[in-house]
A.B. asks: 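Handing you a structure now.
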Amino acid sequence: MWLAFGAAILLMFHLRPSTNENRYVYEINRPWTYNLLTAPFDIPVRHDTVSAIAIRDSLEATFQPVYVRDAAKEGQILAKSASRMIQNITSSLTPSQRTIVLARLRDIYQTGVIDINSIPKRADSTNVTQIRLLEGDHADSQPVGRFLSPRQAYSRLDSLISDPTLRAAVTSSRLSELIEPNIILDSLTTRRFKEEAYATALTPIGVIQHGERIIDRGDIVTPQLYTILDTYEKMVEERGGTVISESLYPALGSFGFLLLMLGSLMFFIYVFRRDYYDRLPVMLFLLSMVTMFTLLTYGMNTFIRLGIYMVPLAIVPVVVLVFLDSRTAFFTGLITIIICSTVAQNHWEFILLQFSAMLATVVSIKELSKRSQLIRTSLLAFLAYAMTYAVMELMTLGTFNSLFPKMMGAFAINAVLISFAYFLIFLMEKLFGFTSRVSLVELADINHPLLRELSEECPGTFNHSMAVSNLASAAALAIGANVQLTRTGALYHDIGKINNPAFFTENQHGVNPHDALTPLQSARIVIGHVTDGLKRAESANLPRTIRDFISQHHGRGKARYFYTTYCNQHPGEEVDAAPFTYPGPNPQTRETSLVMMADAVEAASRSLSDHSPEAIKALVDKIIDSQINEGLHNDSPLSFRDVKTIKKIFASRLVTMYHSRISYPEAIKPAEKPQAESPQQKQ
């Protein structure tokens, strides 16, 4: 156990986030929740986000895209037009006439033909009205209206030619198909000009010098400060995150803190639940739960913004409560929260949020018997998170307007993960051999194959087991023991009788097969129902906690009837009690002790001829006192107060079970009246 304790501390210490890996969580118009932050180097002061957006919008509204004149394209179009007119067989233009048409076309291209669809739109979806025409190293601003579209260019050509013959030749040559833009958008140059304009406009407006104050606790994070903090974090990352130095003392402090917290948990278990402390699987389970969720918190805090608030730490007390008790669950959850808070930026806010959620889950779950309870628990956890967060914001800022929506999203993710606690419960059952209350409820279903077989093969034993279950669970509730475990264990304690049902009184119908056997043979068969039951339980994969009821419900007691009979048959001899002694062990828990008591009391009560309260009380006292005197309950943590309560509950329940019934009177039949004579008879 101590090896696991040391391994847990070393693992959490080794994987803890370094101080320089902590990231600040802050939002505009909210107070800074950390200590004074000073500049570790010169930090440029850039425009805040609002100003930067306004500057960008202004540039977008006035920026002129860059176009170039494609002279090669212009020459190609003129050459194609000349060739098209020469090949036109429907019109025979002279060279001078073709020259006139080409001259008009050249004039149009000198003006410029542009693709209107290539002109970028502004952010407000309006058209750009000015462009820059790049010719050589010089770019002149030109209005878009001075250029022609391909359609306008053809219309201009048609209007410039007045000779009908020439116009007919242009039409028949289909020169409109050849007109293409020669003013082309230069995307690369446009992007470069725009980036240069942005860089010039967004030049830092100042500098925070090394050692100068950036922000202190309580200061409101303005848009300008938000930009400065963002610049600071980026520069820290670029420089390798070496702003805050690690030294030996903080490392020793972290190690000592982990030692103190886990040591407190161990001390709590040692003082208040010594039975847990002496069970290695329980201690390994508690240490693994704390370690696992601490490491998960470390990882989420390092890689996901607000990830620390998404970790479902409330699962820790839920899972512990399912297997152990509420006090241990609460303390284990609290230790986990405190350890995880060391990596939170706002320690007290984190602790209060997680504490409220943990309190809600522990109160809600109380005793998990249905999976649907986890859904209710997750909803209550979300409400606890949200209400605590809102109250803390109201205390800090005096308004609800600054509530951070992303925090609510983190809480919602946290709550959803809590609802999946059942999968972790199942995993812990398999790893540490525990039995959850959900599993106990499922095992207590009388339609379970073993219980159904018991009811069919041994109906008397089945009824006896049901009665023992009711007696023991009522006493368990009164003394604060595990009621569901007691109820379920009592149902299975006699399943070994299935192998030889007729050799047990409750299943006999007038014929007793023991009459033909010696006491040794009978004792061997009766005692054998314990080992037979264990074999059946192992074949059915029943949990260890249920098998304990089978092996311990007689403890190291004797098959008293056959032992006494054998002693009477061999007077004066020293009788070896071993063949008449159950294999045991004696009950180790309060629950198995309860079943031992209830088993003996219920069986003996059936032989009573007098079921008065006094007779039943005397029987209960005699049987339980006899077991205690034999030392059968020496290994059980039952107290004298518990025994007193158990006797009272058993006597009360048995009186109720054997209460007398009133006899119902027989109905008196009325005397039959003589029939009147008919007129015929009178005659």
Side-chain angles (χ1 to χ4, degrees), residues 8-9 11-19 21-27 33 254 257-258 261-262 265 285-322 329-362 364-365 374-375 377-389 392 404-428:
I9 291 180
L11 188 62
M12 288 188 285
F13 175 76
H14 179 68
L15 296 178
R16 81 194 194 286
S18 300
T19 305
E21 292 177 347
N22 288 345
R23 293 180 295 176
Y24 296 115
V25 178
Y26 51 91
E27 287 296 321
T33 57
S254 297
F257 178 77
L258 292 173
M261 288 296 101
L262 282 187
L265 178 61
F285 163 66
L286 293 175
L287 290 173
S288 66
M289 287 295 294
V290 175
T291 304
M292 178 172 59
F293 277 88
T294 298
L295 297 182
L296 178 61
T297 303
Y298 288 170
M300 292 288 284
N301 182 64
T302 301
F303 299 108
I304 302 178
R305 188 177 180 87
L306 296 179
I308 193 172
Y309 294 101
M310 300 179 190
V311 180
L313 292 180
I315 283 183
V316 174
V318 169
V319 176
V320 175
L321 177 60
V322 167
F330 189 84
F331 195 81
T332 305
L334 185 60
I335 290 294
T336 307
I337 290 171
I338 294 175
I339 293 176
C340 293
S341 69
T342 58
V343 297
Q345 298 297 341
N346 193 333
H347 306 310
W348 290 112
E349 179 185 74
F350 179 81
I351 290 175
L352 288 175
L353 285 170
Q354 299 296 342
F355 179 82
S356 63
M358 181 184 69
L359 190 61
T361 55
V362 170
S364 169
I365 208 73
L374 291 172
I375 304 297
T377 299
S378 63
L379 291 176
L380 289 176
F382 175 76
L383 291 176
Y385 276 128
M387 292 176 62
T388 305
Y389 173 65
M392 292 174 63
F404 189 18
K406 292 182 180 178
M407 284 288 284
M408 293 298 181
F411 297 151
I413 294 173
N414 189 315
V416 171
L417 293 176
I418 291 174
S419 65
F420 288 97
Y422 183 77
F423 297 102
L424 184 59
I425 293 171
F426 177 80
L427 178 62
M428 292 300 166

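One-based numbering along the sequence shown. Values below: all heavy atoms of this structure, side chains included; hydrogens, waters and symmetry mates excluded.
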A.B. asks: Can you name the closest pair of heavy atoms from M358 and P317 and give their distance?
C.D. replies: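 Answer, listing the atom of M358 first, then P317: CG-CG, 3.4 Å.
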A.B. asks: Only one of L287, L258, T291 clears side chain to side chain contact (heavy atoms under 4.5 Å, CB included) with I9; which?
C.D. replies: L258
A.B. asks: Can you tell me how far CD1 of I418 sits from CD1 of I413, rounded to the nearest 0.5 angstrom?
C.D. replies: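 Output value for this atom pair is 12.5 Å.
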A.B. asks: Do you know the tightest heavy-atom contact between I315 and L417?
C.D. replies: CD1-O, 3.5 Å
A.B. asks: Looking at side-chain heavy atoms only, is the closest gap between F411 and T388 below 4.5 Å?
C.D. replies: no
A.B. asks: Is it true that S419 and S378 share a donor-acceptor pair across their side chains at a distance under 3.5 Å?
C.D. replies: no
A.B. asks: Nearest heavy-atom pair of F382 and M408: which atoms, and what distance?
C.D. replies: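 Answer, listing the atom of F382 first, then M408: CE1-O, 3.8 Å.
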A.B. asks: When you measure from the side chain of S288 to the backbone of F285, do you find a donor-acceptor pair of N or O atoms at a distance under 3.5 Å?
C.D. replies: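 Present.
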A.B. asks: Nearest 0.5 angstrom please: S341 OG to L353 CG, how far?
C.D. replies: 12.0 Å
A.B. asks: Could you walk me through whether L313 and F350 satisfy the side chain to side chain contact (heavy atoms under 4.5 Å, CB included) test, starting with their C-alpha distance in whole Å, then the side-chain angles of each, then the deciding distance to 0.1 Å, before giving a yes or no?
C.D. replies: CA-CA 11 Å; L313 292 180; F350 179 81; 3.6 Å; yes
A.B. asks: Could you measure the distance from the CD1 atom of I337 to the CE atom of M261? Nearest 0.5 Å is fine.
C.D. replies: 12.5 Å
A.B. asks: Evaluate T377 against S364 for side chain to side chain donor-acceptor pair (under 3.5 Å), listing each step before the verdict.
C.D. replies: CA-CA 6 Å; T377 299; S364 169; 3.1 Å; yes
A.B. asks: For side chain to side chain donor-acceptor pair (under 3.5 Å), just list the numbers for N414 and Y309, CA-CA rounded to whole Å, side-chain angles, deciding distance to a tenth of an Å, and then say yes or no.
C.D. replies: CA-CA 7 Å; N414 189 315; Y309 294 101; over 6 Å; no
A.B. asks: So how far is it from T294 OG1 to I338 CD1, rounded to the nearest 0.5 Å?
C.D. replies: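 Spacing of OG1 (T294) from CD1 (I338) equals 11.5 Å.
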A.B. asks: Can you see which heavy atom on A329 is nearest to which on V320, and at what distance?
C.D. replies: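 Minimum heavy-atom separation between A329 and V320: CA-CG1, 3.5 Å.
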A.B. asks: Please tell me if the side chains of I339 and Y298 come closer than 4.5 Å, counting only heavy atoms from C-beta onward.
C.D. replies: yes
A.B. asks: Report yes if some heavy atom in the side chain of V311 is under 4.5 Å from a heavy atom in the side chain of M300; otherwise report no.
C.D. replies: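 Side chain of V311 against side chain of M300, heavy atoms only: contact under 4.5 Å found.
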A.B. asks: Do Y385 and Q354 pair up side chain to side chain, a donor and an acceptor below 3.5 Å, judged on atom types alone?
C.D. replies: yes
A.B. asks: What's the separation between atom CE in M289 and atom CD1 in I335, rounded to the nearest 0.5 Å?
C.D. replies: 14.5 Å
A.B. asks: Any sub-3.5 Å donor-acceptor pair from N301's side-chain atoms to V343's backbone N or O?
C.D. replies: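 Yes; judged by distance alone, with no hydrogens or angles, the pair exists.
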A.B. asks: So which heavy atom on A381 is nearest to which on A357, and how close?
C.D. replies: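 Minimum heavy-atom contact is O-CB, 4.3 Å.
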A.B. asks: To the nearest 0.5 angstrom, please state how far the CG atom of L380 sits from the CE atom of M387.
C.D. replies: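 Answer rounded to 0.5 Å: 10.5 Å.
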A.B. asks: Run the ring-centre check on F355 versus F330 and record whether the distance is less than 6.0 Å.
C.D. replies: yes
